[in-house]
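Inspection log for the structure reproduced underneath, given as structure tokens.
Values below: every heavy atom of this structure, side chains too, minus hydrogens, waters and symmetry copies. Naming convention: chains lettered A, B, ... in sequence-line order (proteins, then strands); numbering from 1 in each chain.
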There are 2 protein chains.
Amino acid sequence: MKESVSGCHVEDAIRVLGGRWRIVLVYSLLDGPKRFNELRREMPKISQRMLTLDLRALEAAGLVFRTIYPEVPVRVVYELTQAGHALRPLVEILGDVGESLQHLAPSPVRNGAVAG
Amino acid sequence: MKESVSGCHVEDAIRVLGGRWRIVLVYSLLDGPKRFNELRREMPKISQRMLTLDLRALEAAGLVFRTIYPEVPVRVVYELTQAGHALRPLVEILGDVGESLQHLAPSPVRNGAVAG
DNA sequence: CGGAATCCTCAGCGATACTG
DNA sequence: CAGTATCGCTGAGGATTCCG
């Protein structure tokens, strides 16, 4: 009962996964659970603040699961939920797209045509 | 010579396709060429300004082609390039993801666990 | 009709400092 | 180690007006 693609749903996905870091974060978690500072090391350009905020957002969306091990010092592990792992195709395709877009820079025909 | 997914490429794709409207715009153009005000009607919540800016950006990225018919009044038609049509899988998956995220709202187990 | 120009707002994000 | 708390910026995006 859905037409093949719903614009509304596309906007929904963007609302949850939009922003500079969330998808990259999911990508980083695709190969297994990681600790907070482990993620920071893999994403050197993200601020601590945004890492926290985006992890919380993904958690609230049901895409990331957080486990606290109350040791000293405390250890916190983030991992994708099943729904989170379901994003793998999206991330992979996005990676492919990003790659193709590079080569595209020298545009083929030069855009902008006047007809008539 | 790429590992299956490159975080770098993912960021590149986000740079080009990020923002609230660009992907939706591509989605809207997937079923054929459209005129400016036709796009506005299909995306009632986008401002005229952003529609212009995002169309220009997609044009510069080689994803959208623009044709001007110098009639009176002028007619301008936007359509996806081949590279633009190559985004179809991405948009479709994003639509599916958006749909699943809805049902996900009542989270399965309740996130946030304390182990140990 | 399909814009361009201008002005303005706000939220996304970064930097820094502090804490259990 | 894994955060929270503030502050400040900047740029994405909206509203409005004008134009060929």
For [X] and [N], give me the distance from atom [atom1] to atom [atom2], rounded to whole Å.
X     : N      : atom1 : atom2 : answer
A/I46 : D/dG3  : CD1   : C1'   : 14 Å
A/R66 : D/dA2  : CZ    : C1'   : 8 Å
A/E59 : D/dG3  : CD    : C1'   : 13 Å
A/E38 : D/dC1  : CD    : C1'   : 13 Å
A/R75 : D/dA2  : CZ    : C1'   : 13 Å
B/L53 : D/dA15 : CG    : P     : 15 Å

Sub-4.5 Å side-chain heavy-atom contact between [X] and [Y]:
X     : Y     : value
A/V91 : A/V24 : no
B/Y69 : B/V77 : yes
B/L90 : B/L17 : yes
B/I46 : B/R49 : no
A/R56 : A/R66 : yes
A/L94 : A/I23 : yes
A/F36 : A/L51 : yes

Walk me through whether A/E11 and B/K45 qualify under salt bridge (charged side-chain N to carboxylate O under 4.0 Å, His left out).
CA-CA 11 Å; A/E11 294 186 48; B/K45 294 182 299 185; 3.7 Å; yes
Find which nucleotide of DNA chain D each of A/T52 and A/V74 is nearest to by heavy atoms, and output the residue with the more 5' nucleotide.
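By nearest-heavy-atom nucleotide position, the 5'-most residue is A/V74.
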Of A/F36 and B/D54, whose nearest nucleotide on DNA chain D comes first from the 5' end?
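Result: A/F36.
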Sugar-phosphate, base or nothing in reach of A/R56, heavy atoms under 4.0 Å:
sugar-phosphate
Distance-minimising heavy-atom pair for A/G62 and B/L104:
O-CD2, 3.7 Å
Let's see if you can work this out: which of D/dG3, D/dA5, D/dG13 has an atom nearest to the side-chain heavy atoms of A/R49?
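Of the candidates, D/dA5 comes closest.
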If you fit an axis to the five pairs at each end of the helix from C/dC1-D/dG20 to C/dG20-D/dC1, how big is the angle between those two axes, to 10 degrees?
50°
How would you give the extent of chain A contacts on DNA chain C, as first and last nucleotide 5' to 3' within a 4.0 Å heavy-atom cut-off?
C/dC13 to C/dA17
Relative to the 5' end of DNA chain C, which residue comes earlier, A/Q48 or B/V77, by the nucleotide with the nearest heavy atom?
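With A/Q48 and B/V77 compared, the 5'-side residue is B/V77.
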Tell me whether the side-chain N/O atoms of A/Y78 come closer than 4.0 Å to OP1 or OP2 in D/dG3.
yes
